[in-house]
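Presented below is the structure to which this report refers.
All values reported here derive from a predicted model rather than from experimental measurement. Within every chain, numbering begins at 1; the chains are lettered A, B, ... in the order of the sequence lines, protein sequences first and strands thereafter.
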Amino acid sequence: MKYIDEYRDPQSTRKYAEAIAQLVTRPWTIMEVCGGQTHSIVRFGIQDLLPDEIELVHGPGCPVCVTPVDMVDKAIEIASYSDVIFCSFGDMMRVPGSKSDLTRVRARGGDLRAVYTPLDAVKIAAANPQKQVVFFAVGFETTAPANAMAVYLAKKQGLKNFSVLVSHVLVPPAMKAILSSPDNTVQGFLAAGHVCTVMGTHAYTSLADTYHVPIVVTGFEPLDILQGIYMCVRQLEDGSATVENQYERAVQDDGNTQAQDLIEKVFRVIPRKWRGIGTIPESGWALSDEYSSFDAQQRFKLAEAATEEHTECLSGKVLQGLKKPADCPAFGVTCTPENPLGATMVSGEGACAAYYRYRKERVV
Amino acid sequence: MKYIDEYRDPQSTRKYAEAIAQLVTRPWTIMEVCGGQTHSIVRFGIQDLLPDEIELVHGPGCPVCVTPVDMVDKAIEIASYSDVIFCSFGDMMRVPGSKSDLTRVRARGGDLRAVYTPLDAVKIAAANPQKQVVFFAVGFETTAPANAMAVYLAKKQGLKNFSVLVSHVLVPPAMKAILSSPDNTVQGFLAAGHVCTVMGTHAYTSLADTYHVPIVVTGFEPLDILQGIYMCVRQLEDGSATVENQYERAVQDDGNTQAQDLIEKVFRVIPRKWRGIGTIPESGWALSDEYSSFDAQQRFKLAEAATEEHTECLSGKVLQGLKKPADCPAFGVTCTPENPLGATMVSGEGACAAYYRYRKERVV
Amino acid sequence: MNRADSFGGSCPVPLGDQPCIKLAHGGGGRLMQQLIEEVFIAAFDNAVLRGGHDGAILDLQNGRTVVTTDSFVVRPLFFPGGDIGTLAINGTVNDLAMCGAKPLFLTSSFILEEGLEIETLWRVVQSMRKAADAAGVLIVTGDTKVVERGHGDGIYINTTGIGCVDHSLFVSPPRIATGDTILVSGDIGRHGMAVMGTREGLAFTTQIESDCAPLWSTVEALLEAGLEIHCLRDATRGGLCSVLNELAQDASLQFDVVENDVPVMPNVRGACEVLGLDVLQVACEGRFVAILPKNESVLALEILKAQNEFAAMIGHVSSAQAGLVTLQTPIGSQRILDMPAGELLPRIC
Amino acid sequence: MNRADSFGGSCPVPLGDQPCIKLAHGGGGRLMQQLIEEVFIAAFDNAVLRGGHDGAILDLQNGRTVVTTDSFVVRPLFFPGGDIGTLAINGTVNDLAMCGAKPLFLTSSFILEEGLEIETLWRVVQSMRKAADAAGVLIVTGDTKVVERGHGDGIYINTTGIGCVDHSLFVSPPRIATGDTILVSGDIGRHGMAVMGTREGLAFTTQIESDCAPLWSTVEALLEAGLEIHCLRDATRGGLCSVLNELAQDASLQFDVVENDVPVMPNVRGACEVLGLDVLQVACEGRFVAILPKNESVLALEILKAQNEFAAMIGHVSSAQAGLVTLQTPIGSQRILDMPAGELLPRIC
Amino acid sequence: MCLAVPGEIISISGEDALTRTGQVRYGGSVREACLAFVPEAAVGDYILVHAGVAISVLQEDAAQRTFRALEDLK
Amino acid sequence: MCLAVPGEIISISGEDALTRTGQVRYGGSVREACLAFVPEAAVGDYILVHAGVAISVLQEDAAQRTFRALEDLK
Ligand code: SF4
Ligand code: SF4
Ligand SMILES: [Mg+2]
Ligand SMILES: [Mg+2]
Ligand SMILES: [Mg+2]
Ligand SMILES: [Mg+2]
Ligand SMILES: [Mg+2]
Ligand SMILES: [Mg+2]
Ligand SMILES: [Mg+2]
Ligand SMILES: [Mg+2]
Ligand SMILES: [Mg+2]
Ligand SMILES: [Mg+2]
C-alpha cells in the first residue's frame, strides 16, 4: 500500500536508527504525544532499535484514555434508555466507567452500535425516526471535522432524533500542562501528526519558545517516528528548540482551513476534565450555541455527578509521562486488557494496553 | 376426580345406550348445541354406542368457530402494534382471519400471550404500565362472568392500559335462527349446560313452545350426554316438547344471579355477526356505556371493513346442522388442523377438527 | 413429490401455505414431521438417515456404534425436577438407550446469550456433570458460542451421543410384529406439565415434578433378562401420542391402546383437565414405550415395575390397518388416536 | 485453583469480576479460554477431554475413531463466499481433518427461530448437502428445535463429526518439536472480514469473499506423501494469532513467526488498516497451520501450494520460552504476539 | 364450548364479595379461582370453574339423581 | 490516537462542496469517504482519511523528502 509499505522498509528504518545512535551523546527523554504513535512504537518494536540513551514516554494523545469517568458514566446512562440507539467508536465501548462499561450495557439489552464514522450514526438516525440516536463524540482535533460534519448534516437534514455526547479535547493545552508541571521530565516532543493535519503547526511555536523545548510534528509509520526522533535528538544535541515538520506530506503549516471553518461554527472552546489528570483550561470543545440543540447532555437532562476514579490506577501519571505502565503495581496483575482498571489498558493505543500486548520485557 | 370419573363409567354409559335403543322407534335428528359436547361425543366415541336412528348434528356453540373473520382481522391488527401485549385464550390464536392468524403475528414479532383466564390479562396490564394490554374477549354466556369481572377489576384498579376486544355471542337467538330456517332438520336439542349454569333455563321455554321442540339442558361427560339424548328421545317419541334439565347438579333454573348482575352492568345486548352464518339480531353483547372506555375497538380507532369469508368452507352450514364436516370437499384434503380453512377446523371443539382428530370413518 | 429430485431448484414452498417457521414446526407433531421429511431428509438423503430412527447406527470398522444428537432449548432453564443440563444429558443418553446402545461418550456444545450470569451456567454445568456420572457417560469434546442479547435464551445446549451395541438384537421399528405387547415405563405427562406450570398465566399453586431421568439402566435390565425387545422409543415432544403414531407408521402396523391403562398421576390429570390438554400429547423426558412379543411381556413388565411402579401394558400390535393407532376410550368405545397437530395450546373455551 | 474440587459448591465467580457472559467470552481469546478451563473442563473433567485437542479421540473397540462438535451462529446467514450451511459442514469436517482423521459421518441439529422463512432454511440445507458431498461425508442423524421470536437468529446449527484415523501418526500438539517448521495453508483473514463487511456501518463498497472451504483433501495429500505431520490446527475464531498461542502453550515450546511471511490479500489488508484491526486476529474458515520437521517442510509447502498458491512457511519452533509466540516485525525487530483479548472491535480513534 | 371443570375448594380468602378467591383442587393440582359469583360456597364444596371463575356450586343430591334414574332404567 | 489511513480516490460524486464524497481504495478494498474538507482533491490523488472523513491530500514531493533525507544521512 502506497504511503505505508515504503515507510516500513527495514533498511531505511535501520539507517535512521543508526543515525540516531551516532548523533546521541547523552540521555534524552522524548514524549510521543499521540497514542497512534505509541501503538506504532510497540507494534513495530521501535524502542528495540534505539540506543539506550533515548527514553520514549507515552503522552496523553488517546481520546479513549483521557475521556473522564463521569463522561463514560453519562454515556452508560444514555445507552441504557430503551428508546436509544447509542453509537460509538469500537474501542470506546470497553472503557470502564465508575461501575460499568458500554459492552455490559449491551449485555443487559442496550442497543449499542460500533460505527466506523459518525456519519453512519446520522444515517442510522434517519433510518430510525422512532428512536433517539446518540453518538459518543470523543476525539482530539483530528476527529473534530468528522464530528462537526455529523452535527452539521443532522441539522441540515432536520433530524430531531440525533444528538452527540461531546467529549472533545485539544492537544496544545495538554502539552502546556505537562511542561509546566514541576515534575516534568520531558525534554522533546513528537507532536501528533494527524492533529496538525487539521489544525496546522502554529499553536506549537509559543510552546517551543516559552519552554525551550524542541517539537517535531511526526507521522505514524516506523520510518516517520524514527525520522521524528532523529530530528528531535538533533535539536536536543544542538540546544535548539523550534517547531519542525517531519510529516510534510500530510501537514500544512496552516492545517486544513476548510475543516477549521466548520469546527469553528459547530464547536466552542471550554475547559475540559481529562481522565487521571484533572481539568485543563481551554482544553476542549463543546457544541456552539448555534448547535446546542444537538447536545445529548441537554436532551437527556443529565445531572453532573462527581465520580471517583480508580485510586489504584496510575494512568493519569502515565499519560503525563511521569510513570511507565510497568511502574504500576496493577499492571498485568489485576489490570489486563480483558479486565482493565484504567482506560490506558483498554484502547489499542493506550500506553498500558500497548505495553501489555507487545511487551518486550518477556522477550528474551 | 369426583364429578368426572363416575360419569365416564362404562357400565352406566352402556345402560343408557341400551335404554335409548329400546326407546327409539324411528330416526331422530338431535343437535348438541355446545362445542364442548361435540368434543365429548367424538373423544369418547359416543356415536358408536347409539342406535342408527339417532343422528347427532353439531351446533354453533363454539366461540372460536363463530367469531367472525373481521373480528379476527381486528385482533390481528391490534396484536401487530409494537406497544401492545395481546392476550387470548390459547385456541383463538390459530383461527384464520382473512389473510393471517395470531400465531403468525407472533412469528413476525408480536407479543402474544395465551392465558387461562382474562383475570391474568388484568394482572399483566398492571405489571406492564408502559404497554397497552388487550384481551380478546370472545365467548358465550359461560365466559361472560370472567370477562365482565376482568373489565370490572380493571376499572376498579384504574388501569388505563387495559382494554378488551369483545366478540360475545348468545345461544338462544342462534337456536331460534336455526329453528326458523326453512332448511332446518333439527328435531331436538341438547342445550349447553354451562351456558345455562350462568343464565338459567327460562329463555328456552318459549323456544320449545313456539317451535314445538324438546330441549334438554345437558352436561358434558359421556353419561350426561347419553342421559340427555335419552331424555330428548323420550320426549320425541312421546311427542312432547318441554325444557328439561339433565344437568341439575350444576344448573339452577334461575342461573347464577350474581353473575347476571355484573354482566348486566358491564355489557349491553346488540346484534352480532356469526362466522359463516351472518348477523343475528340481539345475539351478542358489547360493553355498556359505563365501560365503553375499555373497548379496544374505540381505543385503537379501528375502521369497520367488510371482509370476505372463505367461499370453499362450509363451516356456516356445519354450525347450523345443515351439513356434516365430511360433506365438505375440503375436509381432510386442503383443510386440516395444521392448516385450517375454517374456524371449525381450529378449535378442539370445532366440529370439523373434532371429526378429523377422532374420525371413526377410518376405524374399520 | 420426491424432494430429492429438485436439488438446486428453488424451494417448492413446502408445508402447505406457511412461508414462516412457526412454533408448531418444533412441536413434535405433523408439521414437524413434514418439515423433516420434505426439507432435511430430502436434502441429506442417504441410507443411514433414511433408517428413520432417532439415532444412526454406523457401519464403523467393527461392531455397531450408535450416534445421536439433540439440541435443548427449554424455558425456563430450571424447572421442578430438573434443568436444561439434566435434560441435555438424559435426552441424548435416552436416545442411545432407545437404540439398544450402551451410552459411552457425549459431545456438548453451548450457545450462550450475552448477559447470561456465569453462576447460572455453572449450575447447569454441574447438573450435566452429575447426570453424566449417573448415566456412566463421558463428555469428550465441546464447543461454546456466544450470541448477542435478544438472539438466544440464556443457554442452548447440543449434546451428541455415541454408544455401542454389545448384543445381537436389532432394536428398531421394522422388528415390531403383529401380536406384540406395548408397554410404557411409567406415568406420563409430567415433564410437559412441569414446564407449562412455570409460565405466567398457566401456573398452578401446586408443583408438578418433571419425570426427567436416564433410561439406560432400565433398558440394560431388559436386555440382560434376555428379552427379545423389538422396539424402544422415549416419549418426548408430542408425548405418548406422537411416539405411538410414529412407530405404527414406521412398522406399517396397527396399534390398539387402552386409554384407562395409560398411567397418569392425579396432579397431571387435574392440570390437563383444567387447561383442556390431552395428556397423551404432553411431553415426558424419562419414559419410554417398549414393544416385544406377548409371551415376554409379563417378565418385561416385572422388570419395568422394579424401576417404576407405574409401568404398565397399554396395548398391543395388530395388522388391521398400517399406521393406525386406535384408542379404547374409558366408556369402552374405540376411536382413532391421531398425531398431534403441533404447538400445545391450552384450550379454554 | 482446581475447580474440580468444588463440586456442589456455589460458583466461585470465575473470570475476574465479570458476572455476565459477554461477547468476548465467545471471541476465541483469553476470556473464552478461561471460561472453558474454569467452567467446562473443571466440571466435566476426564482424561479424553483433558487431551485438549479440538476433537476427541475415542477408544472404541478397534481402530481410532474421532468425534468433534461445533455450533454455528454466524450473522448474517449468507455472506460473500458462503453461508451458515457451508460453514457448518466445513467447520466440523475441518476439525476432524485437523486430528488427522478422515471425515465420515456428521450429525446436524438445528435451532430455528419462529418466523424464519422456509425458503431461507431450504437454501441453507442445500448448501449443507453440497458441502457434505464435496467433503465426502454423510449426515447421519439430526434434530430440530424451534425457539420463540427474539430468542434466536434465524438459524443456529450444531454439527458433530465422526472420523477415523487410518494411519499410524498421532497428529496433536504434544508431538510438536524444537526445530519444526510452521506453515500456513493460504492467505488469512478473509472469512472474518467478509462477515464484518456485511455489517451496517462497517461495510465496504468492494466485497471480500470468505475463505470457507473443506481441508481434508489437503490434509490427505500431506498424509499420502508420507510426511511426519506433528500438528494441524485450523485458524477460526481468534485467527492465526489464537491458534499459534494455543499450540505454543499446549506444546510448551516457543514459536517464532515472521510477520512479512504471513500471506494476506491486498483487499483484506486494506480493510484491516481502515478499521484498525490486526489481521492476525481475524477469523478464517478454510485455513490451517501445519507443523512438521524442518527437513519435510519444502515438500509439505509444495503440496500445500498445489491447493492454494499463497500457502507459506511462516516460522519455526524453538525451545527458548514455553508458550511464547514472537513476531518478527516488518522492520526487523521482534515482539510478543499475545493472545487476543476477546471481541474484535474496530479501532478507529 | 366452555370447558368448565369441577374442583374442590380447599381454602378461601378475601373479604369483599367481588374479590373473594379460593384455592381449588382438581385431581392433585391446586389453582386459584375467583369466587365472586358463588358467595354461598364454602371450603369442601365442589364448584365448576370456567376461565378461572367459579360459575356454580355443584349439588351432591342433584348429582345422585342421574344414577338413581339409571337404576330406574332396568 | 487518530487512526488515519492513506487511500487513492477512484471516483467523486456530489456537487455541493459540503456533501462531496468519493470512493477511496485502500489496498484492494474500496469505501466511501467524505471529501468536504479537501475541495482540491481529484481522482488519482491519495488522501488521508480519518473516521470516514478526508482530512488531507498527501503530497508526493514532500513524501520524497523523507527518503532524500535518508540518503543525506550516509
Ligand atoms: S496498568 Fe491498569 S491500573 Fe495501572 S496505570 Fe495502566 S490502566 Fe491504570
Ligand atoms: S372442513 Fe374446513 S373448509 Fe370444510 S367446513 Fe370444515 S373448516 Fe370449513
Ligand atoms: Mg436424537
Ligand atoms: Mg431425543
Ligand atoms: Mg427420542
Ligand atoms: Mg469449537
Ligand atoms: Mg432472550
Ligand atoms: Mg469442534
Ligand atoms: Mg471448529
Ligand atoms: Mg478447529
Ligand atoms: Mg431430536
Ligand atoms: Mg432475532
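- Between A/T117 atom OG1 and F/R31 atom CZ the span is 7.0 Å, to the nearest 0.5 Å.
- F/L48 contributes atom CG, which lies 4.5 Å from atom OH of A/Y247 (distance to the nearest 0.5 angstrom).
- With a threshold of 4.5 angstrom between heavy atoms, A/A19 approaches chain F through side-chain atoms but not through N, CA, C or O.
- With chain F as the partner, the residue from A/Q260, A/R249, A/Q227 showing the most heavy-atom pairs under 4.5 Å is A/R249.
- Expressed to the nearest 0.5 Å, how far OG1 of F/T66 lies from CD of A/E248 amounts to 7.5 Å.
- Residue contact with chain A, scored on non-hydrogen atoms closer than 4.5 Å, is absent for F/E40.
- A pairwise comparison of heavy atoms in A/P118 and F/A51 identifies CD-O, 3.9 Å as the closest pair.
- From F/Y26, atom OH reaches atom OH of A/Y3 across 14.5 Å, with rounding to the nearest 0.5 Å.
- The nearest pair of heavy atoms linking F/S56 to A/A250 is OG-O, 2.7 Å.
- Residue-environment remark: NZ (A/K265) stays at or below the threshold of 12 foreign heavy atoms within 6.0 Å.
- A/D120 touches chain F through its side chain: at least one heavy atom from C-beta onward sits under 4.5 Å away, while N, CA, C and O do not.
- Closest approach of F/F37 and A/A259 over heavy atoms only: CD2-CA, 3.4 Å.
- Atom OH of residue A/Y16 and atom CG of residue F/L70 lie 5.0 Å apart, to the nearest 0.5 angstrom.
- Across F/A17, F/G28, F/G27, F/A54, the residue that shares the most heavy-atom pairs under 4.5 angstrom with chain A is F/G27.
- Here the closest heavy-atom approach between residue A/M149 and residue F/A36 is recorded as CE-CB, 3.3 Å.
- Between A/Q258 and F/P39, the closest heavy-atom pair is NE2-CG, 3.2 Å.
- Counting heavy atoms of neighbouring residues, nucleotides and ligands inside a 6.0 Å radius, atom CD of A/E290 exceeds 12 of them.
- When F/E8, F/E60, F/R25 are compared by the number of non-hydrogen pairs under 4.5 Å with chain A, F/E60 comes out ahead.
- Distance check, rounded to the nearest 0.5 Å: CG of F/L3 to NE2 of A/H194 gives 8.0 Å.
- Contact of F/L18 with chain A is made through backbone and side chain together, with heavy-atom distances under 4.5 Å.
- A heavy-atom distance below 4.5 Å is found between the side chains of A/L119 and F/C34.
- When all heavy atoms of F/I55 and A/T142 are compared, the pair lying nearest together is CD1-CG2, 3.7 Å.
- A/K156 places a side-chain heavy atom less than 4.5 Å from the side chain of F/T19.
- Contacts of A/Q252 with chain F are made by side-chain atoms alone, with heavy-atom separations under 4.5 Å and no backbone atom involved.
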